[in-house]
Trainee: 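Sharing a structure below in structure tokens format, with a few things to ask.
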Protein chains: 2
Amino acid sequence: MAARDYGQYCGVTRALELVGERWGLLIVRDLLVGPRRYGELAAGLPRIPSNILATRLKELQAAGVIHRLPRSRVIIYELTPYGRELEPVVLALGAWGFKAMGDPRDEQIVTADSMTMALRTAFRSTVAAELPATAYGAQFGPAELLIRVDGPTLDVTRGDGPVDLAFAAGPQIRRVISGELAPERAIEIGVVEVLRGPGALLDRFASTFHLAA
Amino acid sequence: MAARDYGQYCGVTRALELVGERWGLLIVRDLLVGPRRYGELAAGLPRIPSNILATRLKELQAAGVIHRLPRSRVIIYELTPYGRELEPVVLALGAWGFKAMGDPRDEQIVTADSMTMALRTAFRSTVAAELPATAYGAQFGPAELLIRVDGPTLDVTRGDGPVDLAFAAGPQIRRVISGELAPERAIEIGVVEVLRGPGALLDRFASTFHLAA
DNA sequence: CCGCATCCCATGTGATACTG
DNA sequence: CAGTATCACATGGGATGCGG
């Protein structure tokens, strides 16, 4: 499968041969959130043709990056331990690309998995450790997430649960994360709509999740 | 140029749209070592077709990742400040791919720039800070490098200069970096040939440059 | 020479349809 | 649901050419 190799003996080229093909790292990104079925992956990557998804899944298995969950009735894909070690790569890419995100175009969507990884990218563990444990219920367009911060650890799931602050946010939430837009102002102009709980907690959210732009 | 976009509003997809095309990150890798001319880039990427190199250079300029060095008689490409911020991405990819590097195939070559970035990836700043300043002259196949370690800083150039230890190493040097092969043993079996200076300094080299496998 | 541009062909990609 | 089959098209690869 590595017929498309780069002809160099180098770690970067090796990595790109394994996961550098189109869509490859996006599949990894979604699997970093958790094991997924074929259909879930397809749903999280709306523009991927089914044949490409099938091909990539096979290549990533051959590369030892993912494997099918054994002794499971249905087919579930999961990262191998080696595949999980791609997290720093995906986070670094996400942080870099964050700075080049303009405003969203109409066709651009937000998925739960991509948003989860974005939150992981922006999470400031050391800052969070100094703050009280907090649970947020956030709706980013169609993606509804339960965000639990407890000391230096972050847990993002799709489940429901008790939250201290529930809010719905438009894509401009990006500017809150980057510090360009103050939380109160974001609420004022409707970028963030508080659904439940004290809006002041959005300050804590902004301290916890931050990425320079 | 971003006609091939992923249809998602996400940092990772944005990054991949800007530098994720084939050869893109390898051009960035080489430019992280220093500004380069078209011909130098082509020489460091032996299999890249000239039309692709030209296309990528234009795309990377449009993306704000590289630019032509201004007021220079000849054309020289250089990373922009934003492009330089890709260093963590390239290093993370290199570290990950390092673990999947088997033994080199015949057609695979080693270039000076890729080796330089590999050394930066493996460099352990905190370990080096505790060791005396050392200069190594290393020949990795066709790539001849002057490696200067001074406290926590690393400087790798192609120039010549006084060195404490000069050696030539085959591709198996990888196993020294990974800790699988002890430095003395590497000298014994000819993986490393000491050209000048005390071979015992190779121990220090192995302590300074290390990547788990 | 150096820095590309052009041509041609092989392969990869994408949309749609279809199957176990 | 989890893929395969098919086909049109875009892109990559390799050789060659060409102007400054």
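Labels below follow one simple rule: chain letters A, B, ... track the order of the sequence lines, proteins then strands, and each chain is numbered from 1.
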Trainee: If I take atom CD1 in residue A:Ile52 and atom C1' in nucleotide D:dG3, what distance separates them, rounded to the nearest angstrom?
Mentor: 13 Å
Trainee: How many Å lie between OH on A:Tyr77 and C1' on D:dA2, as a whole number?
Mentor: 7 Å
Trainee: Are A:Arg36 and D:dC1 close enough that a side-chain N or O sits under 4.0 Å from OP1 or OP2?
Mentor: no
Trainee: Figure out the CG/C1' separation between B:Leu57 and C:dG3, and round it to whole Å.
Mentor: 10 Å
Trainee: Round to the nearest Å and state the distance from A:Ile27 atom CD1 to D:dG3 atom C1'.
Mentor: 14 Å
Trainee: Looking only at side-chain N and O atoms, does B:Arg47 come under 4.0 Å of OP1 or OP2 in D:dG12?
Mentor: no
Trainee: Is it true that B:Glu40 and B:Arg37 make a salt bridge, defined as a side-chain N closer than 4.0 Å to a carboxylate O?
Mentor: no
Trainee: Would you please confirm or rule out a distance under 4.0 Å between OP1 or OP2 of C:dT13 and any side-chain N or O of A:Trp23?
Mentor: no
Trainee: Looking at A:Phe209, I'd like to know if the NZ or CZ of A:Arg120 sits under 6.0 Å from its six-membered ring centre while staying within 45 degrees of the ring's axis.
Mentor: no
Trainee: Without decimals, in angstroms, what is the distance between B:Arg56 CZ and C:dG3 P?
Mentor: 19 Å
Trainee: Is the closest basic N to carboxylate O distance between A:Asp103 and A:Arg175 below 4.0 Å?
Mentor: no
Trainee: Compare side-chain N and O positions of B:Arg37 against OP1 and OP2 of C:dG3 and report whether any pair is under 4.0 Å apart.
Mentor: yes
Trainee: Within the structure, does a side-chain N or O atom of B:Lys58 lie under 4.0 Å from either OP1 or OP2 of C:dA5?
Mentor: yes
Trainee: Whole angstrom is fine here: how far is it from CG in B:Leu60 over to C1' in C:dC4?
Mentor: 16 Å
Trainee: Give a yes-or-no answer on whether the side chains of B:Thr134 and B:Arg204 include a donor-acceptor pair shorter than 3.5 Å.
Mentor: yes
Trainee: How many Å lie between CZ on B:Arg4 and P on D:dC9, as a whole number?
Mentor: 16 Å
Trainee: Here's a test of your reading of the structure: between B:Asn51 and A:Ser50, which maps to the more 5' nucleotide of DNA chain D?
Mentor: A:Ser50
Trainee: Name the residue closer to the 5' end of DNA chain D, choosing between B:Glu21 and A:Tyr38 according to the nucleotide with the nearest heavy atom.
Mentor: A:Tyr38
Trainee: So is B:Arg22 actually on top of A:Tyr6's ring, under 6.0 Å and inside 45° of the axis?
Mentor: yes
Trainee: Looking at A:Tyr6, does any N or O in its side chain come under 4.0 Å of the phosphate oxygens OP1/OP2 on D:dG13?
Mentor: no
Trainee: In whole Å, I'd like the distance from the CZ atom of A:Arg22 to the P atom of C:dA15.
Mentor: 9 Å
